[in-house]
Amino acid sequence: MNKNRRRVLLYILIVLVFLNAPVLAAEDIMSLEEVEAGMTGYGKTVFSGNEIEKFEIEVIDVLDNRSLDEDLILIKLTGDKAEEFGGIAAGMSGSPIYIEDRLIGAIGYGWNNSSHRYGLVTPIERMLKLLDKNDVKARNDNLSDLEIDIDKFTPDKNLIRSSSPIMVSGIKGRALDRLEKTLSELNLKVVPSSGIKEEDKSYREPKPGEAIAVQLVRGDISVASIGTLTYIDQGNFLAFGHPFTNRGNVNYLLSRANISAVIPSSEQPFKLGSPYHRLLGSVTQDRGAGIAGRMNSYPHITPLYINISENGELLKEVSLQIINDEYLFSSLANNSALQAVDSALDRIGPGSAESRVKIMGRGLPQLQIESTDMYYSQNDIGSMALSDFSQLLDLILTNPFKEINLIDIRLELDFQKKDSVALIQEAKVLNEEIYPGDELEVEVILHRYRNGTETKTLTMKVPEDVEPGIATLFIDGGYTGETMRPENTAPTQSQGGLNEAEISGHKSFESILNAYLESPDNNDLILQLYPSYAAPVYQESSAEAPVKNSDKKKQGEESKEQDPDNKSNQDLPAAENEIKETFATEYVLEGSLNLDLEILNPAETETAADSEAESSESDSAQAQGKTKNKQ
């Protein structure tokens, strides 16, 4: 009985091995040396839905450029499919090409303003190198300089990669325009689509010729590139036949795609498609010969949650997942947030807003940071309200000190139609006399926009050890930014060679981050006192107040260590000893004022008082003497 069971199990195992052999085995390969002009074969791709279909091809010639390892195979599409769809469409990138049922490569390039039946195939040998652990450095293929001397076909120098269009859904208007500008720098063309498909419930193994999507953003907004799967072997895959972003080592999301139709175009027909929600794996290589990656292995992505309210009432919630790419992340996140704002407000115009940004990430202090601010604009409050979000992301992603692995980002925006903005109109010191250690009382009059004035009485402590004499008090609004101060503003200095040069006075990521987070908000009223040891330099605020920017943030940075030989700066106070108070208000504050005041010397006052007393006593004695003499 036991022997029979063993036999049955053995038979089952053998059957399973044979059933899975076609999936696990690699494609039969035809080397480039075997490919000759006149050979015929076929390609595989999806023209509609998910069905893989064949199309006929003929080899026209092999373009030999071995010195640069950029050999290409010129083919012509023939048969009914070429007639029906007009030739090679954008989205067919990566379509595997076979001769005698052996894989020779993938469609990678075509021409503008030429017959779309002609295209160039990237040989499979070049693509297979992407799977090699000892992969060479990325190289940007310059194919426009290849010489093609063929009697049958002589194209102009307008060779382009058979593009894998970027399908975008959930984003439009100016947000889409800005995204297109960013992606155009990577030679990526944006095409609006219908969004992510939810119907993919198939768990079958992917096959060469299937439509795939490389997803950059997924969720309520989708940004994905449509192409074709070329090759798969034991979980490793190849696709596209040309670079996507050409950024070398990457971590992009891979899924199947559904093709709605092939759209005719005078420039190049293109597949209109949408990515499926269920992921297949990750793209790890993006180089000249195509993209490569691994199935069932998923990259780290960052969730972005956006909550938009108006007068405290929730208007819209947006949930996204964005790939971790330092070059692309900021643009993808900012344009997605702008779309969420424009969609929720359904207007571009004036108003006020409060923002709260919370970012979690490995490398951040206590794994997370939080920043709040207030904004006002007469023209575009939606875009203005994203300033803090944008600046904080850029600071984190482009800091020169260390890599920050983002975990989670949350953005909350609350808009109001009212004009919560005021101008610092007048200021005066209420103290009749001021001594070191006193409480300085300052009356500030704020002119609210079309709503009269408001008076605030503020106090700040004058240090006990302050230098007596004429001092200058600056009154600033956070929106305008602090005016020029007498502290050292020298550029980056080197303390011991080029490798030790300071970066804007900072020597760590934490220093840059703290300077940003501790800088005044747009609704802050700032009092800063400069005693007589520093000659103040005052700069009037501009007629049009600038938006809070990174330059403003840098003005709150720590002062750099001074050169011992720099005598002119030796007497300046350290940043941590600055006399400064910040007061939050209900308004975005514009404008700057300054006034001079005198800090009296207690010793001199006491001496003067004693002198007056002595003089008074002497005068009294002299008067009494004169009286006695008269008597």
Side-chain angles (χ1 to χ4, degrees), residues 20-35 39 41-46 50-55 57 59 69-73 75 88 91-109 119-136 138 141 161-162 164 204-214 225-244 246 249-250 252-257 271 279-297:
N20 284 280
V23 175
L24 298 175
E27 299 268 2
D28 287 336
I29 302 298
M30 177 179 285
S31 66
L32 188 64
E33 286 76 8
E34 299 178 73
V35 179
M39 286 183 166
Y42 62 90
K44 293 181 180 179
T45 199
V46 174
N50 305 108
E51 182 184 356
I52 299 175
E53 299 184 58
K54 291 184 178 181
F55 55 91
I57 66 99
V59 175
D69 190 25
E70 293 176 352
D71 306 305
L72 294 168
I73 304 168
I75 65 167
I88 297 173
M92 286 180 66
S93 299
S95 297
I97 303 298
Y98 300 86
I99 293 177
E100 299 174 1
D101 294 328
R102 297 163 68 191
L103 179 65
I104 66 170
I107 289 178
Y109 299 90
L120 293 169
V121 171
T122 302
I124 190 61
E125 290 100 325
R126 282 184 58 200
M127 297 183 69
L128 286 170
K129 291 179 181 179
L130 296 176
L131 302 180
D132 193 337
K133 293 182 179 180
N134 298 318
D135 196 10
V136 296
D141 294 338
R161 63 193 187 194
S162 182
S164 301
R204 60 182 171 79
E205 290 292 329
K207 297 179 180 179
E210 283 198 48
I212 57 170
V214 179
S225 179
I226 302 295
T228 305
L229 186 65
T230 305
Y231 173 91
I232 184 168
D233 178 27
Q234 298 182 357
N236 296 308
F237 71 86
L238 297 168
F240 280 24
H242 61 66
F244 171 40
N246 204 191
N249 296 326
V250 296
Y252 300 155
L253 301 164
L254 182 76
S255 70
R256 283 189 172 93
K271 292 184 181 182
L279 296 176
L280 293 176
S282 60
V283 178
T284 58
Q285 296 291 318
D286 184 356
R287 302 182 185 272
I291 63 172
R294 188 161 184 82
M295 299 293 180
N296 301 315
S297 175

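Along the sequence shown, residues are numbered consecutively beginning with 1.
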Atom [atom1] of [X] and atom [atom2] of [Y]: how far apart are they, to the nearest 0.5 Å?
X: Tyr231; Y: Leu103; atom1: OH; atom2: CG; answer: 8.5 Å
X: Met295; Y: Leu279; atom1: CE; atom2: CG; answer: 11.5 Å
X: Leu280; Y: Ile212; atom1: CG; atom2: CD1; answer: 8.5 Å
X: Tyr109; Y: Leu120; atom1: OH; atom2: CG; answer: 9.0 Å
X: Asn236; Y: Gln285; atom1: CG; atom2: CD; answer: 11.0 Å
X: Ile52; Y: Glu210; atom1: CD1; atom2: CD; answer: 4.5 Å

Residues at least two apart in sequence or cross-chain that pass salt bridge (charged side-chain N to carboxylate O under 4.0 Å, His left out) with Glu53, listed by chain then number, are Lys81
Those residues that, when tested against Glu125, pass salt bridge (charged side-chain N to carboxylate O under 4.0 Å, His left out) (two or more places apart):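 If we apply the salt bridge (charged side-chain N to carboxylate O under 4.0 Å, His left out) test to Glu125, skipping adjacent residues, there are no hits.
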Exam field: side chain Thr228 to backbone Gly91, donor-acceptor pair closer than 3.5 Å: yes
Tell me whether Arg287 contacts the main-chain N or O of Met127 through its side chain, where contact means a donor paired with an acceptor under 3.5 Å. no
Name all residues meeting the ring pair (Phe, Tyr, Trp, His ring centres under 6.0 Å) criterion together with Phe237; count only those two or more places apart in sequence or in a different chain, and write none if there are none. none
Residues in side-chain contact (heavy atoms from CB on, under 4.5 Å) contact with [X], at least two apart in sequence or another chain:
X: Asp101; value: Tyr42
X: Glu34; value: Met30, Ser31, Arg102
X: Ser282; value: Thr284, Ser297, Pro299

Which atom names give the shortest non-hydrogen contact between [X] and [Y], and what distance separates them?
X: Ala292; Y: Leu238; result: CB-CD2, 3.6 Å
X: Ala239; Y: Leu229; result: CB-CA, 4.1 Å
X: Thr45; Y: Ser95; result: OG1-OG, 3.1 Å
X: Ala106; Y: Gly241; result: CB-CA, 4.4 Å
X: Ile226; Y: Ala257; result: CD1-CB, 3.7 Å
X: Gly43; Y: Ile57; result: N-CG2, 4.5 Å

Residue pair [X] / [Y], side-chain heavy-atom distance below 4.5 Å:
X: Ile75; Y: Met39; answer: no
X: Leu32; Y: Ile73; answer: yes
X: Val121; Y: Val59; answer: no
X: Tyr252; Y: Ser225; answer: no

Specify whether Phe240 and Phe244 have parallel, tilted or perpendicular ring planes, treating 30° as the upper limit for parallel and 60° as the lower limit for perpendicular. perpendicular
Dump the intermediate steps for side chain to side chain contact (heavy atoms under 4.5 Å, CB included) on Asp28 and Tyr98, then the final yes or no. CA-CA 9 Å; Asp28 287 336; Tyr98 300 86; over 6 Å; no
